[in-house]
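Below you'll find the structure, written out as structure tokens, and then a few comments.
Not measured: the values here are computed from a predicted model.
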Amino acid sequence: MDKKKPLPIGNDEFREVREQGYYYIDKSLMIRDFLEMGDKVALIVRPRRFGKTLNMTMMREFFDITVESSQLFDGLAIMKTSYAEQMNRCPVIFLTLKNCKGATADELIYTLKKELLREFLRYETVVEKKLDHNSYDYENYRDILNTLKDKSSSYIYLTTSLVDLTRIVAACYHICPILLIDEYDQPIMSSCEYNYHDMLGAFFSTFFGAALKGNQSLGQALLTGIQRVAKESIFSQLNNPKVYTVMSHQYASYFGLTASETEMLLKDYGLSLTTDVQHMYDGYLFSGIEMYNPWSILNYADNAFLDNYWTNTSSNFLIRQALGKASASFWKDFDVLATGAETTVWLNLDTSYVERESNYSLWGLLVNAGYLTVLQRNDATSTVVKIPNNEVMNEFLMIVTM
């Protein structure tokens, strides 16, 4: 390429990436798969920095009835399918909870209020125009909006705000909205890190559960996160998502960069996919597909030298806490992994480590968080795992020596 396009490092807004001419690798057929599978509620679990938010903003821009997106998708694969006709035909409710965290419950709730307020305000003009001002939905909308604007209001009054918004938006358009929730589990991990998990557990159970289970105003919902939803405890009201983990073949190629995509990107920036690059950043297998961490590859393409780019890109508190509680049998297997070898472990991806602390769920957490990769699944519980590459090995060594 004659002139290098800017790399979207730290920019996960699809509209900006496309309008401002950033380098983009086409993942738009994820839209086709989402529509063909037709899950009422789906959760895609992937490690941090694997393109979750960029894909979710892509989904928002494609479906959102309030915008015009044809130029954004010009030349992308989805436009060569019959599903292109569904562009900008559906209302979308979009929440990204990646910044919903805090050292106290009040701090976390403040960030959640700000995110909800942004989305409620986005529909204010439509609500004023399309709803009867004497109707329950209109009055409910104004009440919630005032609560979100009131910095001193209790979070209890927000418990049903998300399900209420789906009903209000459906009443405006007579179309059930698509609900997209990016990094749904960030508030849960933050509450665990700062020891107020018990205080907010019931709130989040109802907040998510009411919107995502038995909600007749919901069209489809898609969530992303690092952990799988548990089927008991605080998430007992949210036990209906179809979950796609790193071992699921569905959506496998859309999060991260395939070997061919990585090779093409590096070539465009005057670099080669050498053995050193492979040892540093390769090693992930998502349902048998070889994948690279896009954050690391983008930074390598930008800087042209190998480094631990994935290290410290977000908090690893939960990992450190879990390792601190691990049993002797866990460390016996881990010592094998630390040599670069593979080992067979029993892991559980049916629940999150937050909900059930055990070796099984710890191995599952390490797989979903990108610290381990699954080489082979022997049966329902037994899998062959390995630390994927040198970058992750360095991260592990830093954690266990802290």
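Listed for the N389 side chain is a donor-acceptor partner under 3.5 Å among the backbone atoms of V392. Of the possible polar contacts, none joining the T344 side chain to the V384 backbone as a donor-acceptor pair under 3.5 Å is found. Under a 3.5 Å cut-off, the side chain of S190 and the backbone N or O of P187 do not form any donor-acceptor pair. Formation of a donor-acceptor pair under 3.5 Å by the E16 side chain with backbone atoms of N11 is not found in this model. A donor-acceptor contact shorter than 3.5 Å links the side chain of S135 to the backbone of Y138. The backbone N or O of C176 lies less than 3.5 Å from no partner atom in the side chain of S217, so there is not a single donor-acceptor pair. Between the side chain of Y141 and the backbone N or O of E124 there is at least one donor-acceptor pair closer than 3.5 Å. Within the 3.5 Å criterion, the main-chain N or O of T147 finds a donor-acceptor partner in the side chain of S153.
Figure legend: cation-pi geometry between R48 and W295 absent, as NZ or CZ is not positioned both under 6.0 Å from the six-membered ring centre and within 45° of its axis. Stacking of R32 on the aromatic ring of Y83 is not recorded, the 6.0 Å distance cut-off and the 45° axial limit not both being met.
Counting heavy atoms from C-beta on, the side chains of Y251 and M37 come closer than 4.5 Å.
The aromatic rings of F204 and F208 lie parallel to each other, with less than 30° between the two planes, well short of the 60° mark. In this structure, W331 and F334 have perpendicular ring planes: the angle between them is above 60°, well past the 30° mark. Between F286 and F50, the ring-plane angle classifies as tilted under the 30° and 60° cut-offs. Ring geometry, F62 versus F73: the interplanar angle exceeds 60°, so the pair is classed perpendicular (tilted spans 30 to 60°).
Between R122 and E119, at least one side-chain N (NZ, or NE/NH1/NH2) sits under 4.0 Å from a carboxylate O, which counts as a salt bridge. Electrostatic pairing of E13 and R60 counts as a salt bridge here, judged by a charged N lying under 4.0 Å from a carboxylate O.
Residues Y254 and D33 have side chains that bring a donor and an acceptor to within less than 3.5 angstrom of each other. For S260 and T258, the side-chain atoms include at least one donor-acceptor pair closer than 3.5 Å. A side-chain donor-acceptor contact under 3.5 Å links D39 and Y244. Defined by atom type and a distance below 3.5 Å, a donor-acceptor pair is missing between the side-chain atoms of E193 and S191. D276 and T274 share no donor-acceptor pair across their side chains, judged by distance under 3.5 Å alone. Donor-acceptor pairing under 3.5 Å is lacking for the side chains of T343 and K386. Side-chain contact, T57 with D12: no donor N or O sits under 3.5 Å from an acceptor N or O. E183 and T224 are not linked by any side-chain donor-acceptor pair at a separation below 3.5 angstrom, with hydrogens and angles left out of the test. With hydrogens and angles left out, the side-chain atoms of N308 and N394 include a donor and acceptor closer than 3.5 Å. Side-chain contact, D64 with T66: a donor N or O sits under 3.5 Å from an acceptor N or O. Between the side chains of N378 and Q376, a donor-acceptor pair is found at a separation under 3.5 Å. The closest side-chain donor-acceptor pair between E261 and Y292, if any, does not fall under 3.5 angstrom.
A pairwise comparison of heavy atoms in L97 and L112 identifies CD2-CD1, 4.0 Å as the closest pair.
Screening F63, F94, Y24 for a ring-ring contact (aromatic ring centres under 6.0 Å, His included) with F14, the sole residue that qualifies is Y24. Each of V41, L179, L35 was checked for a side chain to side chain contact (heavy atoms under 4.5 Å, CB included) with Q220, and the lone residue meeting it is L35.
Under the 6.0 Å cut-off for aromatic ring centres, Y269 and Y23 qualify, their centroids lying closer than that. Less than 6.0 angstrom separates the ring centroid of W363 from the ring centroid of F330. For F203 and Y155, the distance between ring centers is under 6.0 angstrom. For an aromatic pair to be called close, the ring centres must be under 6.0 Å apart, and Y371 with F396 satisfies this.
More than 12 non-hydrogen atoms from other residues, nucleotides or ligands lie less than 6.0 angstrom from CD of E115. Around CD of E36, the count of heavy atoms belonging to other residues, nucleotides or ligands within 6.0 Å exceeds 12. No more than 12 heavy atoms of other residues, nucleotides or ligands shown are found within 6.0 angstrom of NZ on K114.
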- Query: D137 and R167: salt bridge (charged side-chain N to carboxylate O under 4.0 Å, His left out), yes or no, with the steps?
  - Reply: CA-CA 8 Å; D137 283 332; R167 185 177 62 249; 3.1 Å; yes
